[in-house]
Amino acid sequence: MFFHIVLERNMQLHPRFFGRNLRENLVSKLMKDVEGTCSGRHGFVVAITGIESVGKGLIRDGTAFVTFPVKYQCVVFRPFKGEILEAVVTLVNKMGFFAEAGPVQIFVSKHLIPDDMEFQAGDMPNYTTSDGSVKIQKECEVRLKIIGTRVDATEIFCVGTIKDDFLGVINDPAAAA
Amino acid sequence: MSVASDSPVHSSSSDDLAAFLETELDSDSDSSSQSFPIEEAADDDDAEVTNHRLLFYLYLQALEFKCVIRSLNRVSQSSFRLKRRKLEHLETEDVASVKFIEEVSEASSSKLPCQHPGTFGNMCIVCGQRVEEEETGLSFTYIHKGIKFHQDEVTRMRDIDMKMLQSQRKLCLVLDLDHTLLNSTILRDLTPEEEYLKSRTHSLQDVSGGDLFMLEFMHMMTKLRPFVHSFLKEASKMFVLYIYTMGDRPYARQMAKLLDPKGEYFGERIISRDDGTVRHQKSLDVVLGQEKAVLILDDTENAWPSHKDNLIVIERYHFFASSCKQFDHRYQSLSQLKSDESEPDGALATVLKVLKQTHSLFFEEGGEDLSSRDVRSLLKQVRKEILKGCKVVFSRVFPTTSRSEDHPLWRVAEGLGATCATEVDASVTHVVAMEVGTEKVRWAIREKKFVVHRGWIDAANYLWKKQPEENFGLEQLKKQGTEEGEEEEKQ
């Protein structure tokens with residue numbers, strides 16, 4: 001799920017950045033530091049959309065660095081247990097399949113794939129129903145439900161299931177082609 | 001300055017929103033899916049605070065250490081005061097990561113009936129619960145770095161896999177890279193005589209068809225063994241192929257790209273040093289095939305201490321001079337001689353024949369019941385064909401102090417199907433000797449039996465084929481002037 005929230009961060013800035021462009025420097029450093037990182041509480045920071053306020057700088061004794069408390073608006077992405085997500089399949093093997101939704105990696109085990117779907121080995125491994133009408137393979141899009149999440153410093157791991165109503169393949173570029 | 005209280009990430013209203021949503025969603029999924037009762041750890045404030053403090057204390061220590069290292073780099077400003085300052089401002093910068101550590105370590109134990117057959121990032125793949133690190137089982141890092149499976153689940157997968165493979169009439173084959181399928185050298189180890197190779201390398205854009213590659217970014221040059229392309233093509237029809245190398249992961253992936261540019265042979269089944277379970281050893285525990293259906297092709301027998309029966313040892317492929325030097329070979333390397341192994345009769349072609357033979361024994365002979373079939377015994381059976389019908393007597397090969405039946409050469413000869421004896425009689429066909437002039441050798445010459453040196457047995461062992469005896473006569477031994485004196489006691 002995406003959220004547009006306000007976060008705060010203390011930015012350390014070297015005095016060589018002081019001057020007319022101080023604010024711009026502060027913002028570009030903030031973007032570099034924050035965008036693409038994860039936190040357990042907020043999830044993955046997708047983009048900074050605006051700066052709310054830049055507080056008063058505080059000179060650190062002994063060094064010339066200055067700390068600015070910056071409040072910024074950003075879009076974050078955080079998967080939740082029970083959430084329905086759409087993801088692209090990246091790897092299929094006999095244990096199940098891996099899928100990605102942006103920065104989130106999801107594993108759907110064989111146990112949580114409907115029982116009527118059988119694994120087919122080969123150079124394009126896939127899970128196929130007995131009548132061959134539905135096929136999960138690399139690159140196809142699936143709708144799945146998250147049953148567990150873990151957020152690391154740089155990555156988000158999820159365990160998902162497609163063993164439920166209205167879950168499974170939503171489109172298959174290989175079949176369409 | 002108290003960092004714990006004014007950490008920048010723990011910010012106001014958005015937190016509450018996120019927390020609220022999470023609880024909402026959790027309770028929602030609780031009611032909808034009864035099959036996964038979710039047991040959320042109750043928020044114990046006191047415990048969390050203590051936990052937080054403890055972590056933070058540890059973290060400070062780590063920071064202190066980091067500071068010391070950093071300040072060592074900057075000798076000019078190494079006063080203690082400065083260090084203190086530095087520590088302080090590092091704290092604010094890195095408080096965010098304290099949070100992560102906390103998140104990760106917060107694992108809830110579960111008393112669910114779920115067996116937790118495997119985990120992905122320490123979450124059970126079936127119920128989504130956090131699982132303790134110790135209970136998670138075998139790591140399959142070559143598939144994904146976060147995935148682990150319990151031993152029972154691995155066995156179950158192997159059984160299912162076995163049935164599937166049998167319906168496709170396939171077995172598993174684990175291949176080593178270095179000295180088996182290819183030979184690599186570091187660029188700066190190239191000798192001046194080998195400089196000519198640099199102009200003969202094949203483009204990396206289209207690797208198919210080439211066999212010599214310059215990998216500038218890895219500072220390496222790689223030569224594929226002759227026949228390797230045909231070998232893989234043929235073998236992939238009979239086997240599910242794995243790569244198992246002692247090289248690191250980037251190297252293994254790169255080599256797989258050279259061998260299999262279309263990704264049709266190996267898929268994700270590339271196991272490197274980083275994925276193994278035991279250091280400096282290779283083991284089949286991360287290979288998803290039943291041991292009775294897995295063959296291994298490697299040049300180093302010692303790498304597979306517990307799977308010697310599955311192993312086909314192949315003659316080492318030394319193309320580059322540096323590789324010869326590494327193994328203490330005094331001979332010129334193939335690159336220095338500007339030659340190469342023969343395509344149709346090279347080691348890989350020989351091994352392919354053995355593989356075909358074993359494969360057909362497994363699937364074609366002895367009826368429909370495949371469950372009792374075992375490649376290990378079949379491989380032995382194939383080996384026993386090599387010197388079948390030969391009766392061998394050894395002369396001045398073994399030391400008198402030990403029982404000749406225990407000598408490795410005796411065992412090898414028996415493994416190859418030869419009958420070994422200690423005394424000569426009319427049924428003896430070969431005398432293996434180390435020098436001319438022993439009683440047994442004189443007897444053999446008189447009786448017109450073959451007299452060969454021990455190389456005849458070693459060669460048959462490596463090449464999976466009975467060698468012409470003329471090439472291993474004692475005269476050749478003299479000409480080469482080999483001084484293998486350590487075993488020259490009369491038997």
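No hydrogens, no waters, no symmetry mates; every other heavy atom, side chains included, goes into these values. Note on naming: letters A, B, ... go to the chains in the order of the sequence lines (proteins, then strands), and numbering restarts at 1 for each one.
- For chain B, no part of A/I146 is nearby; none of its heavy atoms comes within less than 4.5 Å.
- Once rounded to the nearest 0.5 Å, the distance linking CD of B/Q129 with NZ of A/K81 reads 6.0 Å.
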Quiz item: For B/I143 and A/L91, what are the C-alpha separation, side-chain angles and deciding distance, and is it a side chain to side chain contact (heavy atoms under 4.5 Å, CB included)?
Solution: CA-CA 9 Å; B/I143 293 167; A/L91 179 71; 4.2 Å; yes
Quiz item: How far apart are the C-alpha atoms of B/E153 and A/K110, what are their side-chain angles, what is the distance that settles it, and do they pass the side chain to side chain contact (heavy atoms under 4.5 Å, CB included) test?
Solution: CA-CA 11 Å; B/E153 176 74 357; A/K110 173 93 181 65; over 6 Å; no
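- Interface remark: A/M95 contributes backbone and side-chain atoms alike to the contact with chain B (heavy atom separation under 4.5 Å).
- For the atom pair CG of A/N93 and CD1 of B/I147, the computed distance is 7.5 Å after rounding to the nearest 0.5 Å.
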Practice problem: Start with the C-alpha gap between B/D161 and A/K94, add the side-chain angles, then the distance that decides, and say whether side chain to side chain contact (heavy atoms under 4.5 Å, CB included) holds. | Solution: CA-CA 8 Å; B/D161 202 48; A/K94 52 197 154 206; 3.2 Å; yes
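- Considering all non-hydrogen atoms of both residues, A/A121 and B/M164 come closest at CB-CE, 4.4 Å.
- For the residue pair B/V126 and A/L112, the shortest heavy atom distance occurs at O-CD1, 3.6 Å.
- Within the 4.5 angstrom heavy-atom criterion, only side-chain atoms of A/E155, from C-beta onward, approach chain B.
- In this structure, chain A has a heavy atom under 4.5 Å from the side chain of B/M157, while its backbone stays farther away.
- For chain A, no part of B/R269 is nearby; none of its heavy atoms comes within less than 4.5 Å.
- In this structure, chain B has a heavy atom under 4.5 Å from the backbone of A/I106, while its side chain stays farther away.
- Here the NE2 atom belonging to A/H111 is positioned 8.5 Å from the SG atom belonging to B/C124, to the nearest 0.5 angstrom.
- When ring centroids are compared, B/H144 and A/F98 come within the 6.0 Å threshold.
- With rounding to the nearest 0.5 Å, the separation of CZ in B/F120 from OG in A/S109 is 11.5 Å.
- Only the side chain of B/K145 comes within less than 4.5 Å of a heavy atom in chain A; its backbone stays farther off.
- Within a 6.0 Å sphere centred on NZ of B/K237, heavy atoms belonging to other residues, nucleotides or ligands number more than 12.
- The neighbour count for B/I160 CD1, taken as heavy atoms of other residues, nucleotides or ligands under 6.0 Å away, is above 12.
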